[in-house]
Amino acid sequence: QVQLVESGGGLVQAGGSLRLSCAASGRTFSASVMGWFRQAPGKEREFVAAIKWSDRNVYYGYYADSVKGRFTISVNNAKNTLYLQMNSLKPEDTAVYYCATRASNVLATTPGEYDYWGQGTQVTVSS
């Protein structure tokens, strides 16, 4: 079993920054793909960013168009922690943010392709 715990959410003004963290524990030794998703009230959960890494420490990040150039996904394997650095935040970024991982080592962008989820952390951007 894999446990994921997000932190770092909060209230920030438009143009500000936040860094989300996701601490992984349990059976994470085989994980090589992790992602961030978000869900705003009344909307479906949507892809934000994902990262894949190899045994040779080669990392590949992929982003939704809506956050490209503003958000950066990264991972610290020694700490089993996933991060999402969010800059130039906009009110439309307001949502509950979830981290997720999957057993497969293929990068994916849809929620249904991920096997394990955290409980989410609220991000609110005021105008």
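Below, each value reflects all heavy atoms present in this structure, side chains not excepted, and no hydrogens, waters or symmetry copies.
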(message) Donor-acceptor pair, distance only, cut-off 3.5 Å: does the side chain of Thr94 make one with the backbone of Val125?
(response) yes
(message) Can you pull out every disulfide bond (SG atoms under 2.5 Å apart) where at least one residue sits in residues 33-74? Sequence neighbours excluded, please.
(response) none
(message) Holding to ring-ring contact (aromatic ring centres under 6.0 Å, His included), I want the full list of residues that pass it with Tyr98, two or more places apart in sequence or in another chain.
(response) none
(request) Report yes or no: do Val5 and Tyr97 belong to one cluster of Ile/Leu/Val/Met/Phe/Trp/Tyr joined by side chain heavy-atom distances under 4.5 Å? (result) no
(request) Could you tell me which non-hydrogen atom of Ile51 sits nearest to which non-hydrogen atom of Val75, and how far apart they are? (result) CD1-CG1, 4.0 Å
(request) Could you tell me whether a side-chain N or O of Gln85 sits under 3.5 Å from a main-chain N or O of Arg19, the two making a donor and an acceptor? (result) no
(request) Check the pair Val96, Phe37 against side chain to side chain contact (heavy atoms under 4.5 Å, CB included), reporting the backbone distance first and the verdict last. (result) CA-CA 8 Å; Val96 177; Phe37 293 78; over 6 Å; no
(request) Please name all residues satisfying salt bridge (charged side-chain N to carboxylate O under 4.0 Å, His left out) with Lys68, sequence neighbours left out, ordered by chain then number. (result) Asp65
(request) For Ser54, enumerate each residue passing the side-chain contact (heavy atoms from CB on, under 4.5 Å) test, keeping only those at least two apart in sequence or located in another chain. (result) Arg56, Val58
(request) Taking Asn76 for its side chain and Lys79 for its backbone only, find out whether a donor-acceptor pair lies under 3.5 Å. (result) yes
(request) Quick one: list whatever passes side chain to side chain donor-acceptor pair (under 3.5 Å) with Thr124, sequence neighbours left out. (result) Gln122
(message) Would the distance check show the side chain of Lys52 and the main-chain N or O of Asn105 forming a donor-acceptor pair, the cut-off being under 3.5 Å?
(response) yes
(request) For Ala14 and Pro91, work out which heavy atoms get closest and say how close. (result) CB-CD, 4.1 Å
(message) Please list all pairs meeting disulfide bond (SG atoms under 2.5 Å apart) that have one or both residues in residues 80-127, counting only residues at least two apart or in different chains.
(response) Cys22-Cys99
(message) Please say yes or no: joined through hydrophobic side-chain contacts below 4.5 Å, possibly via intermediate residues, are Tyr83 and Ile73 part of one cluster?
(response) no
(request) Give the minimum heavy-atom separation between Ala24 and Leu4, together with the two atoms involved. (result) CB-CD2, 3.6 Å
(message) Could you tell me if the side chain of Trp117 sits less than 4.5 Å from the side chain of Val2, heavy atoms only?
(response) no
(request) Write down the atom of Leu84, the atom of Ala49, and the distance for their closest heavy-atom approach. (result) CD1-CB, 4.3 Å
(message) If you compare all heavy atoms of Tyr114 against all heavy atoms of Thr109, which two are closest, and at what distance to 0.1 Å?
(response) CE1-N, 4.4 Å
(message) Quick test of your reading: applying disulfide bond (SG atoms under 2.5 Å apart), list the pairs with at least one residue in residues 35-71, sequence neighbours left out, ordered by first then second residue.
(response) none
(request) Determine the minimum heavy-atom distance between Phe47 and Ala108, stating which atoms define it. (result) CE1-O, 4.1 Å
(message) Just so I know, are the side chains of Leu20 and Val123 near enough to count as touching, which here means a heavy-atom distance under 4.5 Å?
(response) yes
(message) The criterion is ring-ring contact (aromatic ring centres under 6.0 Å, His included); which residues satisfy it with Tyr63, sequence neighbours excluded?
(response) none
(message) According to salt bridge (charged side-chain N to carboxylate O under 4.0 Å, His left out), does anything in residues 108-127 pair up with another residue at least two apart or in another chain? List the pairs.
(response) none
(message) Quick test of your reading: applying side chain to side chain donor-acceptor pair (under 3.5 Å), list the pairs with at least one residue in residues 40-50, sequence neighbours left out, ordered by first then second residue.
(response) Arg38-Glu46, Gln39-Arg45
(message) So Val106 and Val33, do their side chains get closer than 4.5 Å, heavy atoms only?
(response) no
(request) Output all residues satisfying side-chain contact (heavy atoms from CB on, under 4.5 Å) with Tyr60, sequence neighbours left out; order by chain, then residue number. (result) Tyr62, Leu107
(request) Identify, with sequence neighbours excluded, every residue that meets salt bridge (charged side-chain N to carboxylate O under 4.0 Å, His left out) alongside Arg70. (result) Asp93
(request) Using the side chain to side chain donor-acceptor pair (under 3.5 Å) rule, take Asn87 and Ser17 through it: C-alpha gap first, then chi angles, then the decisive distance, then the call. (result) CA-CA 4 Å; Asn87 299 328; Ser17 298; 2.9 Å; yes
